[in-house]
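Reading through the structure tokens given below for one structure.
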Amino acid sequence: MSPTHKHVVFDVVGTCVSFDAYYERIQTVLGPKLREHTITAQHFGFTWQTAAELEFTFLSISESYKPYKDVLRGLFYRTLSLCGVSDPRSLANDEEREQCIEGYGALQLRPGCREALKLLRENDFTVWCFTTGDVQRVRGYFERAGVDMPLENFISCDVAGVAKPALPAYKSVWDQLGSDDVKWFAAAHMWDVTAATKVGFRGAWSAVYEKEACLDVFSDARLEVVAGDLENMAQQIVEKSH
């Protein structure tokens, strides 16, 4: 009988890395213009990314999958309009839009992420990253922080053409791992980890991004770990895997 292996599959953007650099880039590029409409850079950035996530998911469900970054780009002016800017193209242009999108490439690892990954590896876990978009770009978040994350341990929704939280996206990752292995899914998005548990993953959620678990909404969440920071989440995963 082959030995049982232990795995933790991490969501990356929002979990391992924060959106701070993206919001800061919007502030640098558009901050004064947005303030004229009583819109903060972070509020616009959050609204824009959330709108893109919604349409990205709907496109996937309707079998019209497009990479997230393309959807983000396409919704820029619409989001400005729905935020109350009557003439979005007089406020910003395509070059400024691209500068804001480039902020995604400058995201940085959250405090405690490095320590969490180290702790898991020291306890014989294989760490995977499950994300959307170009894995080389996502891997860059770790490389800039000096954290080793092998390219072969990245899995992108773009390969399967199915976006999270559609269950087949998680099932495709589940099936790549050994049938008798210990398999955790770790995320700072409650919708993400809740969906992963439905295909069999053991669930771990960190409050570093969403702050509130909103368990009245995610009432079917089957979580074994609920933690504040990433390092504490990793410690609980180790303890519960013995």
Distance-minimising heavy-atom pair for [X] and [Y]:
X: Thr15; Y: Ala188; result: OG1-N, 2.8 Å
X: Tyr22; Y: Gly45; result: OH-O, 3.2 Å
X: Ala92; Y: Leu30; result: CB-CD2, 3.9 Å
X: Cys83; Y: Thr47; result: SG-CG2, 3.9 Å
X: Ala52; Y: Leu75; result: CA-CD1, 3.5 Å
X: Leu34; Y: Ala41; result: CD1-CA, 4.1 Å

Which residues pass the ring-ring contact (aromatic ring centres under 6.0 Å, His included) test with [X], sequence neighbours left out?
X: Tyr141; value: none
X: Phe142; value: Phe154
X: Phe130; value: none
X: Phe19; value: Tyr209

Please round to the nearest 0.5 Å and tell me the distance separating atom [atom1] of [X] and atom [atom2] of [Y].
X: Lys33; Y: Leu80; atom1: NZ; atom2: CG; result: 10.0 Å
X: Arg137; Y: Thr131; atom1: CZ; atom2: OG1; result: 6.5 Å
X: Phe10; Y: Cys129; atom1: CZ; atom2: SG; result: 8.0 Å
X: Glu143; Y: Leu151; atom1: CD; atom2: CG; result: 8.5 Å
X: His189; Y: Ser206; atom1: NE2; atom2: OG; result: 10.5 Å
X: Thr28; Y: Arg25; atom1: OG1; atom2: CZ; result: 7.0 Å

Is it possible for you to say whether [X] and [Y] belong to one hydrophobic cluster, with membership spreading through side-chain heavy-atom contacts below 4.5 Å?
X: Val217; Y: Trp191; answer: yes
X: Trp205; Y: Leu215; answer: yes
X: Leu54; Y: Phe218; answer: no
X: Val173; Y: Leu167; answer: yes
X: Ile61; Y: Tyr170; answer: no

Are [Y] and [X] an aromatic pair, judged by ring center distance below 6.0 Å?
X: Phe76; Y: Trp48; result: yes
X: Trp174; Y: Phe201; result: yes
X: Tyr23; Y: Phe44; result: no

Check: [Y] and [X] side chains under 4.5 Å, non-hydrogen atoms:
X: Val8; Y: Ile237; answer: yes
X: Leu109; Y: Val147; answer: yes
X: Val138; Y: Thr132; answer: no
X: Tyr68; Y: Leu59; answer: no
X: Leu107; Y: Val12; answer: no
X: Met149; Y: Leu117; answer: yes
X: Ser179; Y: Asp181; answer: no
X: Leu91; Y: His37; answer: yes

Under 3.5 Å, which donor-acceptor pairs link side chains of residues 220-235 to any protein atom two or more places apart or in another chain?
residue: Asp220; atom: OD2; partner: Lys198; partner atom: NZ; Å: 2.9
residue: Arg222; atom: NH2; partner: Thr197; partner atom: O; Å: 2.9
residue: Glu224; atom: OE1; partner: Arg202; partner atom: NE; Å: 3.3
residue: Glu224; atom: OE1; partner: Arg202; partner atom: NH2; Å: 2.8
residue: Glu224; atom: OE2; partner: Arg202; partner atom: NE; Å: 2.9
residue: Asp229; atom: OD1; partner: Glu231; partner atom: N; Å: 3.2
residue: Asp229; atom: OD1; partner: Asn232; partner atom: N; Å: 2.6
residue: Asn232; atom: OD1; partner: Gln236; partner atom: NE2; Å: 2.8
residue: Gln235; atom: NE2; partner: Glu239; partner atom: OE2; Å: 3.2

Are any side-chain N or O atoms of [X] and backbone N or O atoms of [Y], one a donor and one an acceptor, separated by less than 3.5 Å?
X: Ser60; Y: Tyr65; answer: no
X: Thr50; Y: Phe46; answer: yes
X: Arg114; Y: Ala145; answer: yes

Exercise. Under the criterion side-chain contact (heavy atoms from CB on, under 4.5 Å), which of Leu120, Thr126, Asn153 is the partner of His7?
Worked result: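 Testing His7 for a side-chain contact (heavy atoms from CB on, under 4.5 Å) against Leu120, Thr126, Asn153 leaves exactly one candidate, Thr126.
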
For this session: Check Arg89, Arg97, Glu95 against Asn93 for a side-chain contact (heavy atoms from CB on, under 4.5 Å) and give me the one that passes.
Result: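 Result: among Arg89, Arg97, Glu95, Glu95 is the only option passing the side-chain contact (heavy atoms from CB on, under 4.5 Å) with Asn93.
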
Problem set entry | Presence of salt bridge, Lys164 and Asp192, under 4.0 angstrom |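 Salt bridge flag = yes for Lys164 with Asp192.
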
Exercise. What pairs with Pro168 under side chain to side chain contact (heavy atoms under 4.5 Å, CB included), at least two apart in sequence or on another chain?
Worked result: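 In terms of side chain to side chain contact (heavy atoms under 4.5 Å, CB included), with neighbours along the sequence ignored, Pro168 is linked to Val162, Ala166.
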
For this session: Please indicate whether Glu122 has more than 12 foreign heavy atoms, meaning atoms of other residues, nucleotides or ligands, lying under 6.0 Å from its CD.
Result: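 More than 12 within 6.0 Å, yes.
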
Problem set entry | Residue pair Tyr77 / Asp87, side-chain donor-acceptor N/O under 3.5 Å |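 No, no side-chain donor-acceptor pair sits under 3.5 Å.
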
Problem set entry | Full working for side chain to side chain contact (heavy atoms under 4.5 Å, CB included) between Lys66 and Glu55 | CA-CA 10 Å; Lys66 289 186 181 299; Glu55 300 295 347; over 6 Å; no

Exercise. Taking it one step at a time, do Val127 and Arg121 satisfy side chain to side chain contact (heavy atoms under 4.5 Å, CB included)?
Worked result: CA-CA 7 Å; Val127 177; Arg121 287 168 171 161; 4.2 Å; yes

For this session: Decide yes or no on side chain to side chain contact (heavy atoms under 4.5 Å, CB included) for Arg139 and Arg144, but give the supporting numbers first.
Result: CA-CA 9 Å; Arg139 188 190 186 199; Arg144 287 196 302 275; over 6 Å; no

Problem set entry | Working for side chain to side chain contact (heavy atoms under 4.5 Å, CB included), residues Tyr104 and Leu72 | CA-CA 11 Å; Tyr104 254 89; Leu72 186 70; 3.7 Å; yes

